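Letters A, B, ... are given to chains in the order of the sequence lines, protein chains preceding strands, and every chain is numbered from 1. The shown structure was predicted, so the numbers you read here are calculated from the model rather than taken from an experiment.
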Protein chains: 2
Amino acid sequence: MFSNSTKYAIKAVLYLAVHSSEQHKIVINDIAEPINVPKAYLAKLLQELSRQSIISSTKGLKGGFYLSNKDRERNIKDIIDVIDGEDRLNSCLLSLKDCDSKNPCSLHHLAYSQKQIILDNFKSKSLNDLAMHLKSGKSVLPL
Amino acid sequence: MFSNSTKYAIKAVLYLAVHSSEQHKIVINDIAEPINVPKAYLAKLLQELSRQSIISSTKGLKGGFYLSNKDRERNIKDIIDVIDGEDRLNSCLLSLKDCDSKNPCSLHHLAYSQKQIILDNFKSKSLNDLAMHLKSGKSVLPL
DNA sequence: TTTAAATTATGACAAAAATCATATTTAGGA
DNA sequence: TCCTAAATATGATTTTTGTCATAATTTAAA
Ligand code: FES
Ligand code: FES
């Protein structure tokens, strides 16, 4: 469903949502290790997310990555769009130019409406919501 | 969602479902061209599908690829499993070892039940069903 | 039984995704 | 001001995926 890159990015951002704050920035090593993602690769991904202002960062001593309060309003789809591109989730299952109920491919009616619901879910929950869910123990962040 | 390989494979099998029969086998060129897939690559994919007895083929003069009546009972998930592997559809969105409501990742409750419905849909319609749908003009096979 | 037309098997090559390495820039603290 | 710890920029390398080419095998028909 997602590329590894996006999975890595989501895990890292959720980790930041739970553990970081403006006052408590986290260094790349301390993100990569607990979520079990190759450090140098994750660095690249987080740099991209930072450039696209999905997450925040400061260089130098006492620097690191973190989520600002603004960042916490974002949702999962924002992350996917930055790393995998918007097409990943929007495009037709069989790569028709556009996925459209007027001109549906053979798989359209088997998946479209569910896919829309998933998309809506991805958009409707903020990172903050997901962090709270995690903190309350109702979900876990895989290794 | 799917790899290109799987998309190619699905398109080709659906093409065969609509246009081929035991009496009317179709040569790789005449499949690859209408569905707009690189011929040599498609050949490889169809050979794999044939090995896994998802589709049928005969060599030599008057040979080609086709779907037997048995083949037509298959479904989309069978194709995906052969080309992309079963994990593609079954695995957790964040690559937890196993996707399980007892130990859900942060995205589980946003997507799991819809994903199951899609999966069920992929399993419940036979290639024959999809071919009929196509023939009746209710769906199209993208370029 | 020979020939032509097809799949099958094999592998070389190219492009994209993932991984690793390192030099540069920035910011805080001594 | 200078040193150190951090992100950032850049790019090399590896692995996976997708693509292309071709020789070997099989089958039907002449
Ligand atoms: S047209 Fe293919 S999924 Fe909608
Ligand atoms: S546990 Fe991740 S999707 Fe189910």
Looking at side-chain heavy atoms only, is the closest gap between B:S56 and B:L67 below 4.5 Å? no
Heavy-atom check, side chain of A:Y15 versus side chain of A:P34, under 4.5 Å: yes
Give the rounded distance in Å between these two atoms: CG of A:D30 and P of D:dA5. 14 Å
As a test of reading the structure: which of C:dA18, C:dT19, D:dG18 is closest to the side chain of B:S5, going by heavy atoms? D:dG18
Given atom OH of A:Y66 and atom P of D:dA7, what is their separation to the nearest angstrom? 12 Å
Taking the nucleotide of DNA chain C with the closest heavy atom to each, which residue, B:K44 or A:Y41, is nearer the 5' end? B:K44
Taking the six-membered ring of B:Y66 (Phe, Tyr or Trp), confirm whether the NZ or CZ of B:K25 is under 6.0 Å from its centre and within 45° of its axis. yes
Rounded distance in Å - CD1 (B:I83) to C1' (D:dG18): 13 Å
Verify the distance criterion only: is there a donor paired with an acceptor across the side chains of B:H108 and A:S139 at less than 3.5 Å? no
What is the separation between atom CD on B:E48 and atom C1' on D:dG18, rounded to the nearest whole Å? 15 Å
Quiz question: by atom type and distance under 3.5 Å, do the side chains of B:S3 and B:D84 form a donor-acceptor pair? yes
Would you say the rings of A:H133 and B:H109 are close, in the sense that their centroids are separated by under 6.0 Å? yes
Whole angstrom is fine here: how far is it from NZ in A:K25 over to C1' in C:dG28? 10 Å
Protein heavy-atom contacts under 4.0 Å, written 5' to 3' over nucleotides 2-9 of chain C as B (base), S (sugar-phosphate only) or - (none), form the string ---BBBBB
Whole Å only: how far is the CG atom of B:L45 from the C1' atom of D:dC20? 13 Å
Does a donor on one side chain and an acceptor on the other come within less than 3.5 Å for B:S68 and B:D71? yes
Atom NZ of A:K39 and atom P of C:dT22: how far apart are they, to the nearest Å? 11 Å
Nearest whole angstrom, please: distance from the C1' of D:dG18 to the NZ of B:K11. 15 Å
Is B:Y8 near enough to D:dT19 that one of its side-chain N or O atoms lies under 4.0 angstrom from OP1 or OP2? yes
